[in-house]
Each structure stands twice: as C-alpha cells, then as structure tokens.
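As a basis for the values below, the full set of heavy atoms in this structure was taken, side chains included, without hydrogen atoms, waters or symmetry mates. One-based numbering, in listed order, for ligands and for the atoms of each.
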Amino acid sequence: MYDIITRTRDGLGLSREEIRFMINGYTEGRVPDYQMAAWCMAVYFQGLSSEATAELTMAMVDSGEVLTWPELGGQLVDKHSTGGVGDKTTLVLLPWVAAAGVRIAKMSGRGLGHTGGTLDKLSAIPGFRFDLNRTEFIQAVEEAGLAVVGQTGNLVPADKKLYALRDVTATVDSIPLIASSIMSKKIAAGASRIVLDVKVGSGAFMQDLSSARLLAETMVDIGTKTGRRTTALVTNMDQPLGHAVGNALEVREAVATLQGSGPEDLTELCLALGAEMLIQAEKAETPEEGRQLLLQAMEKGLPIERFRAMIAAQGGDPRVIEEPELLPQAPVCLEAVAPSSGYVSRIDAREIGLIAMELGAGRQRIDDEIDLSAGLELLVKVGDQLQQGQVMARVYGPAPESVNSAARRIEAAIELIGSPTEPLPLILARVSR
Ligand code: URA
C-alpha cells in the first residue's frame, strides 16, 4: 500500500492488480483508513489516469453484490442525476420513457442535505411501497412498464466505506473519485445503458461548467471502457428546476408535467434526457427522433397512465392524480412577494434548497424524519420582470413562525435589478462517445 500511495503521489500509473489489492484490502479491513486517506489525497492532487479510474470503478463494483436482470432481457437503461434543488425529473422521465415503450426498473435513494431524493418524493403518495422483493419488482415492471424501488442488497460496500472516509478527509471533491463512486453504483445495480444528468450551478455539487464537463466526460469514459454505453447532459442548476421544492409539492408538479401542463424547464429537461434514454434503448437514432416519440406519447395521454399504473402496482393510491388533496397538506401557507419592481438576475438555488430542508422537506442527518407536506413553490425564474408586491413564492410548513422566516429568506435569495436580464440556458453540454 505504501508503494501504491507513492506511485499515485508521483503521478505514476497503477496496475489493475494494485487497484484490486487496495480496494479489496480496504473493504475487508486489511488496508487501514490512514493509508486509504493518504491515497485519496494523492488522487485529489495528482488525478488518476482514465484506465486507472475505470479499473477503480470495477474493483469497487466487485467489492459487493452485482445485480443482473435476465427477466428484463438483460438490457437495463438507467438514469442518474448528480442532484439538484426541485429535481423531480425521475418522477416524470421514467413514466414518459415507459410510455414510449421502454421497460424501466430503477433503484433510487433518499435525499440528504439541500437536494431531495426520489424515494422521499414518492413516499408522499399514500400506500406507495419501495420495499418490493425481486419477484414483486419484476412483476411491477411487467404490469406497469416501470417500477422504482429502494436500494437493497450489499451493493458497492467499498464505496460506502470510501465515501465516509472522503467525507472527513476533504477528498470528496475529486473528479475521478466522484465519477468512480457514481458509476460503480449504477453498474452494480445492473445498468447496461446509462444516461447522466450532471448538474452545475449554485444548487449543485459541481459549481462551474468546466468541472461539470470534466465529471461528465470522466463518467462517459468509464462507461465506454467498461462496456456500458453512457451519455451525459450537463444541465443548469443555478435556479431550482420547475417551481416546486418539497416532496408532496413535487409529486403534484410531476403529475401536471405528465399531463402536459408542467413548467417549461422541467418538461424540456425530461424531453432531452428521455430522448437520450430512447437512443440508449435503441428506439431512436437521434435526439430529435427521440423527442418526437416522446411528444407523440404525450399527445395520446400515455405518460400519466404509466404513472398511474406504477402507483397502483406498488400499492399506492392512484387517486392522487385526480385528487391531489389526498397528498400530505401543510397547515400553513404564506406568500413571499417582490420587495421592489425589477428583473430577476439571480436566484440562490442552494439557499432555496436549504430553506426547504429547514422547513422539514429534507434531512440534515441521515436519520432525520421529514415532513412530506413542507416546502415551497418558487414562481419566478431568472429573466422574469416583476412588479413590487408580486408573489414570488408560496411557502408551506408546519407553523407560522418557520413559514414566515422562510418567506423572508426567499425574498433575500432572489436578486432583482433595474435592467432586463436574460433567461438561463438549460442544457449546457452533451457528452457521448
Ligand atoms: N455522489 C456520489 O455518489 N459519490 C460521490 O463521490 C459524490 C457524489
């Protein structure tokens, strides 16, 4: 291990055997934390070759259980977002892509910090179950065309241990380490075709475009080297996606979007990612063709029917589609208004995510309880012209004090200036091989 650290520190290559020795040794407790931490810091400063990054990914995959899906024809198209504020894309994208004829079996996680998790959002639907066993999962996919479950089994134990170590040694922000961490989990869950949404901006993990692009390229490269065709879109997270931030509120917005009347940015992002998924599933050859298939499915009203079928197959109450008041409702709602007239020049997306989290919509610690009804609807986007007193947001929460203080914070998180501003572009780059 000493030699491996030295070689990495000096920017020399590592062999497949060295990487496997290190990852297996660390997972099984033979390599101590201090040596692994030193190695992570060496990678942080020196980087890692693309070959070594792919080897690292596969060594992590092989540290635990690896799922295969022969029942689903062995070809599993998966999607992953690096996380953003108001990112309810999965809820919309999967039924929409299923409506265009692709079977979807997805494992999702819970949220932590200022970004939400798909399982939390779906748990706002009364009765919805993610703890399906394998037979039930496959049956749900057969019945509804798609199913979403929580992660089960002992997938990528090396990443669990390594991520916890990186978290306390200031080595999370290393592109090869992030890329291998994300891709190892997708591959271990059985994905053979992968579409990535790499978010960049104030509400995202990656703050600048060049790092986000490099992360996207690194993950696409891992996919290519390991035989999992991967495409990434780099997309804007300098303002929340759509309007809703908070679990039940996001389900409502997803339903509207699946009915064709959702916010423009969310709809557009789902069309772009969905088109990529259709290419990966070999249903379309170009993004334009993929979009057309998705638009045709929407014209026939199919996406919301897939969502209804998924809810029913997973034990949830599909009446939430027609009767959204069956979703958890917050007792208090207040409006945040524009303190002056002007143009929206900036929205602090991270602050909006933190406000929603503190209202109860997200968790600070992994074992925190969340309030499914809490959150906010942000009604403005960068580029909008506002009049003084115009409603900028509606805030939902358990008590007047917290909702009132959240509304004041939202007013401060939205910057208004006197001269016109441009709307933000949504899709910043596409990376594929
Ligand atoms: N998300 C992950 O899954 N892993 C990382 O290293 C960073 C973000």
- Query: L146 versus R103: any side-chain heavy-atom pair under 4.5 Å?
  - Reply: no

- Item | Under 4.0 Å to a heavy atom of Y163 - the qualifying atoms of ligand 1, by number | 4 (N), 5 (C), 6 (O), 7 (C)

- Message: Within 45 degrees of the ring normal and closer than 6.0 Å to the centroid, is that where the cationic atom of R134 sits relative to W69?
- Response: yes

- What atoms of ligand 1 come within less than 4.0 Å of a heavy atom belonging to S181? 2 (C), 3 (O), 4 (N), 5 (C), 6 (O)

- Message: Quick test: of every protein heavy atom, which one is nearest to atom 1 (N) of ligand 1, and how far off is it to 0.1 Å?
- Response: I182 CG1, 3.9 Å

- More than 12 non-hydrogen atoms from neighbouring residues, nucleotides or ligands closer than 6.0 Å to OH on Y44, yes or no? no

- Item | Six-ring centre of Y26, K161 cation under 6.0 angstrom, axis tolerance 45° | yes

- Item | Heavy-atom pair with the smallest gap, counting every atom of T257 and L266 | OG1-CD2, 3.3 Å

- Answer with yes or no whether I178 contacts ligand 1, where contact means a heavy atom under 4.0 Å from a ligand atom. yes

- Note on the structure: Note: ligand 1 atoms sitting under 4.0 Å from heavy atoms of F205 are 7 (C), 8 (C)

- Message: Under a 4.0 angstrom heavy-atom cut-off, which atoms of ligand 1 come close to K185?
- Response: 2 (C), 3 (O), 4 (N)

